[in-house]
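For reference, the structure is listed below as structure tokens.
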Amino acid sequence: MKKILQDLSFEELENLILSYGEKKFRAQQIYGAVMRGKKLSEINVSAELRGRLCEEFENEPIVIEQTFTSSDGTEKYLFRLADGNLIEGVFMKYKYGNTQCVSTQVGCRMGCKFCASTLGGLVRNLTAGEILCQVLAINALHGGTDKNRAVTNLVLMGSGEPLDNYDNVIKFLRNVTAEGGINISARNISLSTCGLVPKIYALAEENIPLNLTISLHQTTDEGRARTMPVAKKYSIDEILKACGYYFEKTGRRYIFEYSLIAGENCEKEHADGLISLLKGKPCHVNLIRLNEVKERNLNTVTEKQAYRFLGLLEKGGLSATLRRQIGADIGGACGQLRASRLKEQKEDKNNGNSDIR
């Protein structure tokens with residue numbers, strides 16, 4: 001696998017172009033083209049320079065292999081990386097703009113039982129450029145440019161645990177928010193973590209004022225450990241202290257994701273537990289009706305149960321909302337499309353079909 005040009009900041013790209021013996025302005029030409037989602041072979045520079053770039057770097061680090069469109073207009077993508085690995089992404093339309101959900105790893109090693117991304121474990125981290133290329137590809141697909149973006153908001157909530165790929169994710173954040181590039185505001189970016197406490201403290205020091213989102217899903221460490229192995233290492237109390245530090249450093253309130261799982265975390269006692277934990281803190285609770293994963297023995301709640309739980313939190317003084325359920329008919333949960341494709345490939349191989357895409 002070749003290097004990824006989109007890993008480079010503009011300054012790094014400029015130094016590369018100067019090392020080639022080219023004029024400095026060529027860097028801006030190349031940078032502008034890749035920020036518009038162009039392949040290296042499509043950049044309007046000399047054939048010699050294009051050839052040198054294509055020899056050293058991947059021409060197209062990410063390809064949209066398949067697009068699935070939901071009845072509600074949500075689009076989900078199966079991306080193929082240059083090494084043949086698969087990841088997913090989602091494009092969601094809202095009144096305030098268009099949000100893209102991006103992946104940060106191929107697979108995941110966190111082992112959360114409600115998530116399909118973890119079914120095959122972690123394959124590898126994505127580079128900063130591979131994360132960025134997801135955004136550039138979908139922005140271009142929807143007619144956006146670096147100056148007039150079709151993608152206005154980002155959520156790092158696809159396959160993978162962002163803080164488990166810390167260095168690449170931080171570089172991606174700096175590159176995607178850079179002036180002169182696609183320049184998405186950090187305030188329009190949300191990063192979701194299962195609660196890697198030391199990395200939350202590190203993120204607070206980066207001076208990137210994004211929205212920190214914590215996958216909580218339970219009110220006690222014992223309950224959380226039943227579906228989230230990370231709870232055995234970091235307690236809810238440790239997570240809350242780290243979130244408090246993040247707020248002190250950034251001034252940004254933090255958000256707790258809470259997937260409602262039938263028979264597990266959606267009774268009055270759980271609502272009371274959340275109120276006891278979070279009341280008075282600068283946070284918001286985002287309730288989610290579980291996207292069921294057939295490989296897992298977990299069930300979602302009814303709409304009536306979800307709104308009842310929301311009402312209990314609001315009555316108790318918490319800021320809370322129930323996330324609109326979208327994309328359920330196209331495998332809305334993280335990792336479902338990839339898992340399905342990998343299963344198909346395995347079956348094809350077992351059946352003697354060597355034409356595996």
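Keep in mind the model is a prediction, meaning the values are calculated, not measured.
At a threshold of 4.0 Å, the pair Glu130-Arg124 counts as salt-bridged, since one of the basic side-chain nitrogens sits closer than that to a carboxylate oxygen. A salt bridge links Arg174 to Glu206: at least one charged side-chain nitrogen sits closer than 4.0 Å to a carboxylate oxygen. Salt bridge Arg109/Asp164: present, at least one basic N to carboxylate O contact under 4.0 Å.
In summary, the side chains of Gln218 and Asn265 do not present any donor paired with an acceptor at a separation below 3.5 Å, with no hydrogens or angles considered. A donor-acceptor pair shorter than 3.5 Å cannot be found between the side chains of Gln29 and Tyr31. Between the side chains of Glu161 and Thr104, not a single donor N or O lies within less than 3.5 Å of an accepting N or O. Side-chain contact annotation: Ser9 with Asn175, donor-acceptor N/O pair under 3.5 Å absent.
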Original post:
Run the side chain to side chain contact (heavy atoms under 4.5 Å, CB included) check on Glu257 and Met157 step by step: do they pass?
Top reply: CA-CA 11 Å; Glu257 290 180 315; Met157 298 180 184; 3.4 Å; yes
**OP:** Carefully, step by step, assess Ile138 and Val102 under the rule side chain to side chain contact (heavy atoms under 4.5 Å, CB included).
**Re:** CA-CA 10 Å; Ile138 300 310; Val102 300; over 6 Å; no
Original post:
Checking side-chain hydrogen bond (donor to acceptor under 3.5 Å, both in side chains) for the pair Asn211/Arg252: CA distance, chi angles, key distance, verdict?
Top reply: CA-CA 7 Å; Asn211 303 298; Arg252 305 287 287 166; 2.6 Å; yes
**OP:** Evaluate the side chain to side chain contact (heavy atoms under 4.5 Å, CB included) criterion for residues Lys241 and Ile239: first the C-alpha distance (whole Å), next the side-chain angles of each, then the deciding distance (0.1 Å), finally the verdict.
**Re:** CA-CA 5 Å; Lys241 288 177 180 176; Ile239 291 171; over 6 Å; no
Original post:
What do the steps show when you test Gln100 against Val90 for side chain to side chain contact (heavy atoms under 4.5 Å, CB included), and what is the final call?
Top reply: CA-CA 6 Å; Gln100 183 177 344; Val90 185; over 6 Å; no
**OP:** May I have the step-by-step check of salt bridge (Lys or Arg N to Asp or Glu O under 4.0 Å) for Glu12 and Lys171, ending in yes or no?
**Re:** CA-CA 12 Å; Glu12 290 169 333; Lys171 185 163 190 182; 2.9 Å; yes
**OP:** Evaluate the ring pair (Phe, Tyr, Trp, His ring centres under 6.0 Å) criterion for residues Phe256 and His284: first the C-alpha distance (whole Å), next the side-chain angles of each, then the deciding distance (0.1 Å), finally the verdict.
**Re:** CA-CA 6 Å; Phe256 290 104; His284 179 81; over 10 Å; no
Original post:
Given the rule in the salt bridge (Lys or Arg N to Asp or Glu O under 4.0 Å) test, do Lys3 and Asp7 qualify, once you have shown the distances and angles that lead to the verdict?
Top reply: CA-CA 8 Å; Lys3 292 186 287 186; Asp7 280 337; over 6 Å; no
**OP:** Test side-chain hydrogen bond (donor to acceptor under 3.5 Å, both in side chains) on Asp237 and Ser235 and set out the steps.
**Re:** CA-CA 5 Å; Asp237 184 60; Ser235 69; 5.0 Å; no
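Other residues, nucleotides and ligands contribute only 12 or fewer heavy atoms inside 6.0 Å of the NZ atom of Lys279.
Inter-residue side-chain proximity for Ser70 and Glu75 is flagged as unmet; no heavy-atom pair is nearer than 4.5 Å. Residues Cys283 and Ser319 have side chains not in contact (no heavy-atom distance under 4.5 Å, counting atoms from C-beta outward). The shortest side-chain heavy-atom distance between Asp146 and Leu136 does not fall under the 4.5 Å cut-off. Between Ile189 and Leu173 there is a side-chain heavy-atom pair separated by less than 4.5 Å.
A centroid separation of less than 6.0 Å is found between the aromatic rings of Tyr96 and Tyr94. Between Tyr201 and Tyr246, a ring centre-to-centre spacing not shorter than 6.0 Å is recorded.
Of the candidates Glu56, Glu48, Arg26, Tyr20 forms a side-chain hydrogen bond (donor to acceptor under 3.5 Å, both in side chains) with just one, namely Glu56.
In this structure, CD1 in Ile30 is found 10.0 Å from CZ in Phe25, a value given to the nearest 0.5 Å. A distance of 9.0 Å separates CG in Asn286 from OG in Ser259, rounded to the nearest 0.5 Å. To the nearest 0.5 Å, atoms CD1 (Ile170) and CG (Leu203) are separated by 5.0 Å. Taking CZ from Arg149 and OG from Ser185, the interatomic distance works out to 8.5 Å, rounded to the nearest 0.5 Å. Summarising the geometry, atom CG belonging to Leu156 is positioned 5.5 Å from atom CZ belonging to Phe172; distances are rounded to the nearest 0.5 Å. For the atom pair CG of Asn125 and CG of Asp167, the computed distance is 9.5 Å after rounding to the nearest 0.5 Å.
Between Glu267 and Phe309 the shortest heavy-atom distance is O-CE1, 3.4 Å.
Geometrically, Lys199 engages Tyr166 in a cation-pi contact defined by less than 6.0 Å to the ring centre and at most 45° from the axis.
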Determine all donor-acceptor pairs shorter than 3.5 Å in which one atom belongs to a side chain in residues 310-318; sequence neighbours excluded.
none

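With sequence neighbours excluded, the residues that form a side chain to side chain donor-acceptor pair (under 3.5 Å) with Asp272 are Lys268.
Using a 30° and 60° split on the angle between ring planes, His217 and Tyr258 fall in the tilted class, from 30° to 60°.
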